[in-house]
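Below: one structure, written as structure tokens.
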Amino acid sequence: METRRLFGTNGVRGVANVDMTPQFAMELGASIGTFFDGGKLLVARDGRTSSVMLLEATMSGLMQTGCNVFDIGMAPTPALQYITGSSDVDGAVMITASHNPPEYNGIKVIDKDGIELEREKEVEIERIYATKGWKPRDWKSLGTRTSRCGALDEYKEAIKRHVSKERIHSASLKVVVDPGNGVGALVTPYLLRELGCKVYTINANVDGEFPGRLPEPAIGNLAMLCAAVKAFGADLGVAHDGDADRAIFVDETGTAHWGDRSVALTEKFFLLENKGETIVTPVSSSTAIEEIAEAYGGKVVWTPVGSINVSRTMQRIGAKFGGEENGGIFYGPHIAVRDGAMAASLIVDIMSKTGKPLSTLFSELPRHYSSKSKVACPNAVKDTVLEKLRQETEKLKVETLDGVKIRFEDGSWILIRPSGTEPIFRLFAEAKTNEKASALVEEYSQIVSRIVKSN
Ligand code: MG
């Protein structure tokens, strides 16, 4: 019998006290604790209004099943991941809903190497949960809870080892940091200041109501940061999502650049110093990633969409650099997970190394335009629709690593894939002009709609 899926592409997510109740968190905690068989686990949380409630309940479940819990408190997800990978523990649990709106929360399980659990291990936890198969211990062998102090300082020091503090200091860059009222506020402003930048902040009070802007650092949510960069005469701005594993950058003219640009920029400078290295990125990433790899002597390995696929592939093949178009930079010499504070440090390092304004650095990258859309499709027919789409497009140059990616002669492409969480197909196209990208999305939206209707 197949058990109900709890874990999505980024852990278990839902609305606080609707899906994510303390009762659910405690039972899931007990299932996670049983999976780890009473091991040592780190925990942390973001600053959402429901995070304390859910963390306490999750910890009860973990201790009920014999796990010794070490609490690092409020922290960015990548800080917990780094500390997990560098400590003698069996894994970790993070309470966060990342970039989701304020009413959401989530539980993410991390393996002992600091990377999210592989799918097969999540399935095992789902099975324990569905069968109520958790194993409470007797009173003498319950788990304990200990505060784990100093984690954020250790995390900052670890990041500093990968950039030149002297060089950054002498560049005296002015930076505006916008953590969006998320837990990035606890690290990035201090880290950049310790590296020698002059730091200004907006939305840097951790607040679970997210009064400054929504936790997703989408370009449309960053007007305040763009204005602040200009008002302060700053050299750059950096925005994080709610748990600070992503970073989006604003140049000195007040223009925000989507994550595919900052990934391409860091990739270029990584390859300049690491000839022949492999770049790991999902099929949704820009052609610019490929063009830079060709130009600077690297090669690209494509993965299905999802940060865990990038992390696990990097780990499997020993790659040191990965990137996602949403602003996720995976810097292997630090840890093979996306990390917003590491990304910000790499960007200021590149700026200090070149002495060039950020707008110039971005303008020197290959330019492509993207367009996206979605088409409604009931979950039950997604597989059939995808199969028919594959049949209809088999004469074209198609890749099927994740959904259907069609590449055209002129270098443009479109990716069509079923959403893992919503009853929709997502369409994402890239081309040399905006018009061409929009036209591709329009054309294939109609094709997908027609196939959906015929089912
Ligand atoms: Mg996140």
Side-chain angles (χ1 to χ4, degrees), residues 7-14 16 20 43-48 50-51 54-55 72 74-84 92-110 114-117 152 155 159 177-188 191 203-204 206-208 210 212-219 221-222 225 238-249 258-260 262-263 281-282 284 305-312 322-331 334-345 420-421:
F7 290 88
T9 40
N10 264 300
V12 182
R13 292 272 172 89
M20 304 300 291
V43 297
R45 64 175 174 91
D46 68 13
R48 287 170 189 267
S50 56
S51 288
L54 292 172
L55 177 61
I72 75 171
M74 272 204 283
T77 301
L80 176 64
Q81 292 182 288
Y82 170 77
I83 298 294
T84 304
V93 178
M94 178 76 196
I95 307 296
T96 183
S98 182
H99 61 279
N100 290 150
E103 65 272 26
Y104 281 79
N105 216 327
I107 298 175
K108 183 183 268 204
V109 187
I110 293 159
I115 301 174
E116 295 96 311
L117 278 193
L152 295 186
Y155 169 63
I159 291 175
V177 180
D178 175 6
N181 303 113
V183 282
L186 305 174
V187 171
T188 305
L191 171 67
N203 306 320
V206 178
D207 187 330
F210 297 94
R213 63 164 169 85
L214 287 172
E216 163 118 61
I219 303 282
N221 292 337
L222 302 183
L225 177 61
V238 52
H240 291 309
D241 68 326
D243 65 336
D245 54 356
R246 290 161 54 186
I248 294 292
F249 295 90
W258 188 232
D260 56 342
S262 40
V263 169
T281 198
S284 52
V305 173
S307 67
I308 186 182
N309 298 315
V310 177
S311 293
R312 291 282 167 212
E324 280 184 324
E325 50 85 32
N326 61 11
I329 289 174
F330 305 62
Y331 190 65
H334 170 54
I335 181 171
V337 303
R338 58 183 177 199
D339 187 323
M342 185 72 240
S345 304
T421 48

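Just follow the structure's listing: the first ligand is 1, and inside any ligand the first atom is 1. The first residue in the sequence is number 1, and the count goes up from there.
How far CG of D243 is from CZ of R45: 14.0 Å, rounded to the nearest 0.5 Å.
Using modelled atom types, no side-chain atom of R48 and backbone atom of A16 make a donor-acceptor pair closer than 3.5 Å. Checking side-chain atoms of S311 against main-chain N and O of A336 turns up a donor-acceptor pair under 3.5 Å.
Its N, O or S atom nearest to the Mg ion (ligand 1) is what matters here, and for D241 that atom is OD2. For D243, the N/O/S atom at the shortest distance from the Mg ion (ligand 1) is named OD1. The minimum distance between the Mg ion (ligand 1) and any N, O or S atom of D245 involves atom OD1.
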*Take R246 and D339, measure what salt bridge (Lys or Arg N to Asp or Glu O under 4.0 Å) needs, and give me the verdict at the end.*
CA-CA 6 Å; R246 290 161 54 186; D339 187 323; over 6 Å; no
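At least one N, O or S atom of S98 sits under 2.8 Å from the Mg ion (ligand 1).
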